[in-house]
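Order of listing sets the numbers, starting from 1, for every ligand and every atom in it.
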Amino acid sequence: MDLDRTDIAILRCLQRDARLSLRLIAKEVGVSTPTVSARLTTLTQLGIVKGYAAVLDPERLNETTFVLLVKARPPSTDAVASAIAKLAGVRRVLVARGGRIVVDATVVDPRDVDAVLEKVAGLHDVVDVDHHVAIRALKEEPRAILADALTTSLVCYQCKGPIKGEPIKIRMDGRDHYLCCTSCEKLYVERHRKLKAAA
Ligand SMILES: [Zn+2]
């Protein structure tokens, strides 16, 4: 599914300043406020907008950031990465080819670096762990790049699973909703109706 100019323009506004009001975004993008609101609901349903948060500086809070370069036994790479993702202090986990996992972590007390290291090294199927403590951070930008042309894969609005093949598209309240199967469609329409009745 392609994102159109309006979607991308709204996302650009929000990535710059998530505190912008819908009214201000509408003015900047050149559409109505209800359009911005409907588009944002869809972009959230699609899992593109994951939330709105303040950007804090861990360095100003004297926190310690470090990187782990982990090598796992390939059939277990995803399991190892998931276990690492659950550890306290771990902020980002990237899985690469060949059992390689790159981990970004931040701890309040620098002595906790060793605790995280020990836990990772102790995981089953971890072959090697290398670590580097950052002495300064120079740049940190949001990872999503809002290019002029963007596509997304559709997820089912009901079960949040990926939609394989042709989605079931239903139009309610002036916008499209996508479902993976007829049972999800039924549940979703029912939930939507209940929400509307309650409002
Ligand atoms: Zn579904």
Side-chain angles (χ1 to χ4, degrees), residues 1-16 18-22 25-26 29 31-55 72 74-88 90-97 99-104 123-125 142-199:
M1 181 195 166
D2 292 330
L3 271 64
D4 68 11
R5 284 161 164 281
T6 305
D7 293 325
I8 294 168
I10 292 170
L11 291 174
R12 282 196 176 129
C13 287
L14 284 171
Q15 204 180 39
R16 195 183 71 225
R19 296 177 76 196
L20 281 180
S21 68
L22 296 184
I25 296 169
V29 176
V31 294
S32 71
T33 307
T35 298
V36 174
S37 168
R39 292 300 185 101
L40 273 177
T41 307
T42 302
L43 290 164
T44 306
Q45 294 266 31
L46 288 169
I48 295 169
V49 175
K50 287 167 66 171
Y52 304 87
V55 180
S76 309
T77 312
D78 282 333
V80 169
S82 302
I84 292 173
K86 288 191 190 105
L87 297 176
V90 170
R91 319 311 285 171
R92 192 149 83 106
V93 180
L94 302 174
V95 176
R97 287 187 202 283
R100 305 281 177 177
I101 304 164
V102 182
V103 183
D104 246 352
L123 288 172
H124 198 61
D125 285 330
R143 272 194 304 132
I145 296 170
L146 292 166
D148 292 332
L150 293 171
T151 59
T152 188
S153 46
L154 279 176
V155 290
C156 173
Y157 284 18
Q158 177 62 29
C159 71
K160 308 290 176 202
I163 299 180
K164 290 171 188 117
E166 205 50 37
I168 296 175
K169 185 165 115 176
I170 49 173
R171 202 158 173 87
M172 291 192 295
D173 303 331
R175 58 186 194 92
D176 295 330
H177 304 247
Y178 300 93
L179 290 314
C180 70
C181 60
T182 49
S183 50
C184 274
E185 181 188 6
K186 213 177 140 200
L187 288 168
Y188 187 79
V189 172
E190 211 161 283
R191 188 164 60 113
H192 191 86
R193 197 177 299 138
K194 272 186 196 153
L195 279 174
K196 275 199 93 173

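- For the pair SG of C156 and SG of C159, the angle whose vertex sits at the Zn ion (ligand 1) is 100° to 10 degrees.
- For the pair SG of C184 and SG of C180, the angle whose vertex sits at the Zn ion (ligand 1) is 110° to 10 degrees.
- Judged by distance alone, the side chain of E185 and the main-chain N or O of I170 form no donor-acceptor pair under 3.5 Å.
- Separation of atoms CG (L11) and CG (L150) is listed at 8.0 Å; rounding is to 0.5 Å.
- At a cut-off of 2.8 Å, C181 does not coordinate the Zn ion (ligand 1) through any N, O or S atom.
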Item to check | Residues D7, R39; criterion salt bridge (Lys or Arg N to Asp or Glu O under 4.0 Å); working and verdict | outcome: CA-CA 7 Å; D7 293 325; R39 292 300 185 101; 2.9 Å; yes
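- S37 contributes no side-chain N or O that, together with a main-chain N or O of T33, makes up a donor-acceptor pair within less than 3.5 Å.
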